[in-house]
Novice: 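This is the structure, below, for whatever I ask next.
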Protein chains: 2
Amino acid sequence: MEVQDTRENILRVAKDVFFKKGLSGARMQEIADLAGINKAMLHYYFTSKEQLFNVVFENAFQIFAGHIIHLLNGDGSLEKKIDLYIDYTIDSLKKSPGITVFVINELNTNPERITGMFAGEGLIDLSLFKRQVQEQYGEEIDAEMLFLDMVSLCIYPFIAQPIFKRLMKIDEAAFEALMNQRKGWLKKRLLNNL
Amino acid sequence: MEVQDTRENILRVAKDVFFKKGLSGARMQEIADLAGINKAMLHYYFTSKEQLFNVVFENAFQIFAGHIIHLLNGDGSLEKKIDLYIDYTIDSLKKSPGITVFVINELNTNPERITGMFAGEGLIDLSLFKRQVQEQYGEEIDAEMLFLDMVSLCIYPFIAQPIFKRLMKIDEAAFEALMNQRKGWLKKRLLNNL
DNA sequence: GTCTATACTCTGATAGAC
DNA sequence: GTCTATCAGAGTATAGAC
């Protein structure tokens, strides 16, 4: 197998294992087994478990934060932005439901990471969003609260997915359908209130 | 120190350590140090790390699920219930912000737990809530969606607390104030829409 | 690039004295 | 009930042959 293939393959299965078990719960042996290689090979491509984890985490954080960046820095009216954010976030999380718990958990375990993640560019910044809310709705709507609402409403159902599925007595497919239906519900609820 | 004191003391510090690092990340040595005893004593009171963890988890889950049980099975009108749920949940999470990530993460790592947790009584059941919504608002409001909204809006800000604090450039105290302010905001937003 | 074998550390758990 | 000392297993990482 070519270098690139092996490396990509490791990252693919490492993602699955780290998503499920976190940094401390994951085992290099399991990653090696799933990748069809042995532990020595893992250390040939990645110097340590932590380094491998960091690569996986940074990829995941890009996707996770992408939703928010998309919302904050997108073009168009507030209504259009919110509309797009809902579709983008829910569709994206349907494909990779474990990503939120993974990122949140790591950021909780290892809060120093946050500073590093936000240091990059000025990409993650609420000020444009705030200005837009103010211009269109004045003081009546609190931009920070609206932002908290949007993010919460879209993301939390995926975080608590195992509980909700049990509570509502539905399976994987029904949950996905519920999330699709939720897009319309959220647009009505969020936009009608503005 | 008396038996009860030592045991309670262990549970208190074990909670802190497990909340921060999870099952696999926690170290018996650290728990022993913080409790002011040695590892042998830990195993005198709790047969294994997993057993200690289970006790901590079950206590935490009671608190976590208490919010929802409170909502689902409470007395009074829907409006009153929602009002109470918001106050109860936000006040409770302010006191123990780490609990949500802890519970969610463990349920994600170890999904078999969910069945056990729900098996107990018929306490966690959406049907009363659904009936109440239907009676008061007919088909216009989707009870499951409304339920998802309430829980998401109250809980998610605490889960993503480290990120939000960084994003909004506020400290611990300001975050708490924001959550207090949020109670009023949520009541207006949720109840005006019904 | 890939493997086998192994070194070495960490950590959960127990034995046994007091 | 509490401690010291120690064992046994697991798990990361590396040496070195091919």
Side-chain angles (χ1 to χ4, degrees), chain A residues 1-60 98 102 105-106 108-110 112-113, chain B residues 1-60 98 102 105-113:
Chain A
M1 201 181 284
E2 286 159 42
V3 179
Q4 208 51 25
D5 285 359
T6 306
R7 200 188 136 86
E8 289 306 311
N9 192 38
I10 291 172
L11 282 173
R12 208 170 39 74
V13 304
K15 194 197 75 174
D16 292 341
V17 176
F18 283 133
F19 273 30
K20 243 184 234 129
K21 315 199 173 174
L23 173 56
S24 55
R27 295 290 161 251
M28 294 296 265
Q29 185 63 61
E30 184 180 1
I31 295 173
D33 289 347
L34 288 173
I37 56 176
N38 57 52
K39 283 190 289 178
M41 279 301 285
L42 278 187
H43 286 92
Y44 176 79
Y45 285 98
F46 301 90
T47 54
S48 69
K49 184 188 183 183
E50 296 225 338
Q51 194 229 326
L52 174 55
F53 181 85
N54 285 339
V55 177
V56 171
F57 180 82
E58 268 151 42
N59 289 343
F102 172 73
N105 190 54
E106 173 58 17
N108 197 261
T109 307
N110 213 340
E112 313 84 68
R113 249 187 228 280
Chain B
M1 203 181 284
E2 284 160 43
V3 179
Q4 207 51 24
D5 285 358
T6 307
R7 201 187 135 87
E8 289 307 312
N9 191 39
I10 292 172
L11 283 173
R12 207 170 41 74
V13 304
K15 194 197 75 176
D16 291 342
V17 176
F18 283 132
F19 272 28
K20 241 181 238 136
K21 316 201 171 170
L23 172 56
S24 55
R27 295 292 163 252
M28 293 297 264
Q29 185 65 60
E30 185 181 0
I31 295 173
D33 289 346
L34 288 173
I37 56 176
N38 57 54
K39 282 192 290 178
M41 278 300 285
L42 277 186
H43 286 91
Y44 176 78
Y45 286 98
F46 300 91
T47 55
S48 69
K49 184 186 183 183
E50 296 224 339
Q51 195 228 326
L52 174 56
F53 180 85
N54 284 340
V55 176
V56 171
F57 180 81
E58 269 151 43
N59 290 342
F102 172 73
N105 189 55
E106 173 58 18
L107 255 31
N108 198 261
T109 308
N110 212 340
E112 314 85 66
R113 250 186 228 277

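In what follows, every chain begins at residue 1, and chains take the letters A, B, ... in the order their sequences are listed. This is a predicted model, so every value here is computed, not measured.
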Novice: Can you check the A:Phe46 CZ to D:dG11 P distance for me, whole Å?
Specialist: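 One finds 21 Å between P of D:dG11 and CZ of A:Phe46, rounded.
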
Novice: Hey, does A:Ala26 reach any base, or is it just sugar-phosphate, or nothing, if we go heavy atoms under 4.0 Å?
Specialist: sugar-phosphate

Novice: Rounded to whole angstroms, how far apart are NE2 on B:His43 and C1' on D:dC3?
Specialist: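 So the NE2-C1' distance, B:His43 to D:dC3, works out to 15 Å.
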
Novice: Report the distance from atom CZ of A:Phe53 to atom C1' of D:dT12, rounded to the nearest whole Å.
Specialist: 16 Å

Novice: Taking the side chain of B:Met28 as heavy atoms from C-beta outward, which of C:dA13, D:dC3, D:dA13 is closest to it?
Specialist: C:dA13

Novice: Starting at CE of A:Met41 and ending at C1' of C:dA5, how long is that distance when rounded to a whole Å?
Specialist: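 Roughly 17 Å, once rounded to whole Å.
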
Novice: Which whole-number value in Å describes the distance from A:Lys21 NZ to D:dT12 P?
Specialist: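 About 12 Å, once rounded to whole Å.
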
Novice: Between D:dA13, D:dC3, D:dT2, which nucleotide has the shortest distance from any of its atoms to the side chain of B:Asn38?
Specialist: D:dC3

Novice: So for A:Lys49 and D:dG11, does any side-chain atom that can act as donor or acceptor lie under 3.5 Å from a complementary atom in the base?
Specialist: no

Novice: With B:Asp16, which residues qualify under side-chain hydrogen bond (donor to acceptor under 3.5 Å, both in side chains), at least two apart?
Specialist: none

Novice: Return the value, rounded to whole Å, for the distance between atom CG of A:Leu23 and atom P of D:dG11.
Specialist: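 Answer to the nearest Å: 14 Å.
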
Novice: Any side-chain N or O of B:Thr47 below 4.0 angstrom from OP1/OP2 of C:dG12?
Specialist: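 For C:dG12, OP1/OP2 do not have a side-chain N/O of B:Thr47 under 4.0 Å.
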
Novice: Check whether any side-chain N or O of A:Tyr45 sits under 4.0 Å from OP1 or OP2 of C:dT2, and answer yes or no.
Specialist: yes

Novice: Looking only at the side chains, is there a donor atom on one of B:Arg113 and B:Asn54 sitting less than 3.5 Å from an acceptor on the other?
Specialist: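 There is such a pair between these side chains.
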
Novice: Heavy-atom nearest nucleotide on DNA chain C for A:Lys39 versus A:Tyr44: which residue maps closer to 5'?
Specialist: A:Tyr44

Novice: To the closest 0.5 Å, what do you measure between OG1 (A:Thr109) and CZ (B:Phe19)?
Specialist: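 Result: 13.0 Å between the selected atoms.
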
Novice: Using modelled atom types and a 3.5 Å cut-off, is there a donor and acceptor pairing between side-chain atoms of B:Asn9 and backbone atoms of B:Ala35?
Specialist: yes

Novice: Does B:Gln51 use its side chain to pair, donor to acceptor, with the backbone of B:Thr47 at less than 3.5 Å?
Specialist: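 Indeed, once roles are kept as given, a pair shorter than 3.5 Å links the two residues.
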
Novice: Respond yes when some side-chain nitrogen or oxygen of A:Arg27 is under 4.0 Å from OP1 or OP2 of D:dT12, and no when none is.
Specialist: yes

Novice: For B:Asp5 and D:dT2, what is the distance between atoms CG and P respectively, to the nearest whole Å?
Specialist: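 Rounding to the nearest Å, CG of B:Asp5 and P of D:dT2 are 10 Å apart.
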
Novice: Measure CZ/B:Phe18 against C1'/C:dG12 and give the value in whole Å, please.
Specialist: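 Rounding to the nearest Å, CZ of B:Phe18 and C1' of C:dG12 are 12 Å apart.
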
Novice: Considering only C:dA13, D:dC3, C:dC3, which nucleotide approaches the side chain of B:Ile37 most closely?
Specialist: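 Nucleotide nearest to B:Ile37's side chain: D:dC3.
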
